[in-house]
Student: 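Please see the structure below; I have some questions.
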Amino acid sequence: LIDREGKVASSGSREFTTSWFSADTLRFATTLPGVKPWNHETPNLYTLVVRSFHEGRNVEFVTAKIGFRNISYSNGSVLLNGRQVKLAPSEAAYLSNERRSESELRKLQKSGINCVIVKGNPQPDHFSSISGRIGVYVCALTDIDTCKPPREITFRATPGNDPDGASALAQSAMGSF
């Protein structure tokens with residue numbers, strides 16, 4: 001894990017065996033003292049580097065930009081990293097063109113918008129990357145109708161009380177950050 005200044009924030013390695021063309025999960029857990037959290041005012045990003053080896057040779061090398069934050073809700077307020085954050089949202093459509101997406105997000109940001117609400121999942125990778133880099137929150141909407149009169153709300157009548165609706169809600173949450 002490399003910080004914004006190019007210094008190694010954390011490193012580690014694990015050995016494991018897998019068969020060709022299989023999918024496996026490898027988890028790492030560590031404590032990062034002094035981690036700089038991400039927020040819209042200071043979008044601190046780290047570079048995660050993952051390398052895989054086979055017979056001593058580097059086979060694959062993957063990097064991803066990641067940020068650390070803790071989001072909670074208390075007394076009617078959204079808390080980010082323990083501090084109240086005021087969201088200034090606007091609906092936005094993500095664009096397939098990366099340059100145009102960045103230009104549109106920066107225009108919204110200059111007008112005081114710090115949160116975009118997008119419809120449709122998933123967004124292209126570049127949309128998430130740009131949003132994280134420049135400091136814009138993303139809320140993904142899911143087309144789930146939860147509007148029912150109280151007398152019609154029964155078990156499984158809305159995603160909130162339907163165990164089968166959990167996957168749709170989780171899909172939407174994964175598109176938000």
Side-chain angles (χ1 to χ4, degrees), residues 1-10 29-50 62-150 153 158-162 165-177:
L1 188 66
I2 301 168
D3 69 14
R4 182 177 240 159
E5 289 80 34
K7 297 177 186 167
V8 175
S10 182
T30 189
T31 300
L32 299 171
V35 68
K36 295 177 183 172
W38 184 98
N39 64 54
H40 71 279
E41 295 165 330
T42 53
N44 293 305
L45 294 177
Y46 290 76
T47 302
L48 177 66
V49 179
V50 178
V62 179
T63 63
K65 294 287 188 182
I66 61 172
F68 297 96
R69 59 185 160 248
N70 181 3
I71 301 170
S72 57
Y73 186 77
S74 177
N75 298 323
S77 297
V78 175
L79 302 178
L80 180 69
N81 306 321
R83 292 182 39 214
Q84 185 175 356
V85 62
K86 179 148 176 59
L87 297 177
S90 176
E91 285 193 19
Y94 57 84
L95 305 166
S96 58
N97 181 294
E98 190 169 345
R99 282 190 182 152
R100 201 155 154 233
S101 288
E102 182 163 357
S103 174
E104 292 300 315
L105 283 171
R106 287 195 182 275
K107 282 180 193 174
L108 287 171
Q109 197 177 38
K110 283 182 183 176
S111 72
I113 301 300
N114 67 2
C115 176
V116 293
I117 300 168
V118 293
K119 293 180 181 179
N121 281 322
Q123 293 86 34
D125 289 341
H126 74 263
F127 188 81
S128 301
S129 176
I130 293 165
S131 300
R133 183 169 30 86
I134 68 173
V136 173
Y137 303 104
V138 175
C139 294
L141 294 182
T142 301
D143 295 327
I144 300 174
D145 182 11
T146 60
C147 300
K148 289 191 178 277
I153 296 177
T158 65
N161 66 14
D162 181 358
S167 64
L169 291 172
Q171 181 91 7
S172 177
M174 294 298 289
S176 300
F177 54 91

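Scope of the values below: all heavy atoms of this structure, side chains included, with no hydrogens, waters or symmetry mates.
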Student: Which pair of non-hydrogen atoms, one from V35 and one from P37, has the smallest distance, and what is that distance?
Tutor: O-CD, 3.4 Å
Student: I'd like to know if the side chain of Q109 reaches the main chain of I134, judged simply by a donor and an acceptor atom lying under 3.5 Å from each other, with no hydrogens or angles considered.
Tutor: yes
Student: Hydrogens and angles aside, do D125 and S128 bring a side-chain donor and acceptor to less than 3.5 Å of each other?
Tutor: no
Student: Taking all heavy atoms of R133 and all of L45, pick out the closest pair and write down the distance.
Tutor: CA-CD1, 3.6 Å
Student: Looking at Q84 and S77, what are the two nearest heavy atoms and their distance?
Tutor: NE2-OG, 3.2 Å
Student: On a heavy-atom basis, which atom in H126 and which in S101 lie closest, and how many Å separate them?
Tutor: NE2-OG, 3.2 Å
Student: Which heavy atom of P43 sits nearest a heavy atom of G132, and at what distance?
Tutor: CB-O, 3.4 Å
Student: Checking the side chain of Y137 only, and the main-chain atoms of P89 only, is there a donor and an acceptor separated by less than 3.5 Å?
Tutor: no
Student: Take E102 and R99 through the test salt bridge (charged side-chain N to carboxylate O under 4.0 Å, His left out) and record every step on the way to the result.
Tutor: CA-CA 5 Å; E102 182 163 357; R99 282 190 182 152; over 6 Å; no
Student: Sub-3.5 Å donor-acceptor pair from the side chain of S131 to the main-chain atoms of F127, do we have one?
Tutor: yes
Student: Examine distances only and state if a side-chain atom of S111 and a backbone atom of L108 form a donor-acceptor pair shorter than 3.5 Å.
Tutor: yes
Student: May I ask you to decide if W38's main-chain N or O and N81's side chain share a donor-acceptor pair within less than 3.5 Å?
Tutor: yes
Student: List the atom of N114, the atom of K86, and the distance in Å for their closest heavy-atom pair.
Tutor: ND2-O, 3.0 Å
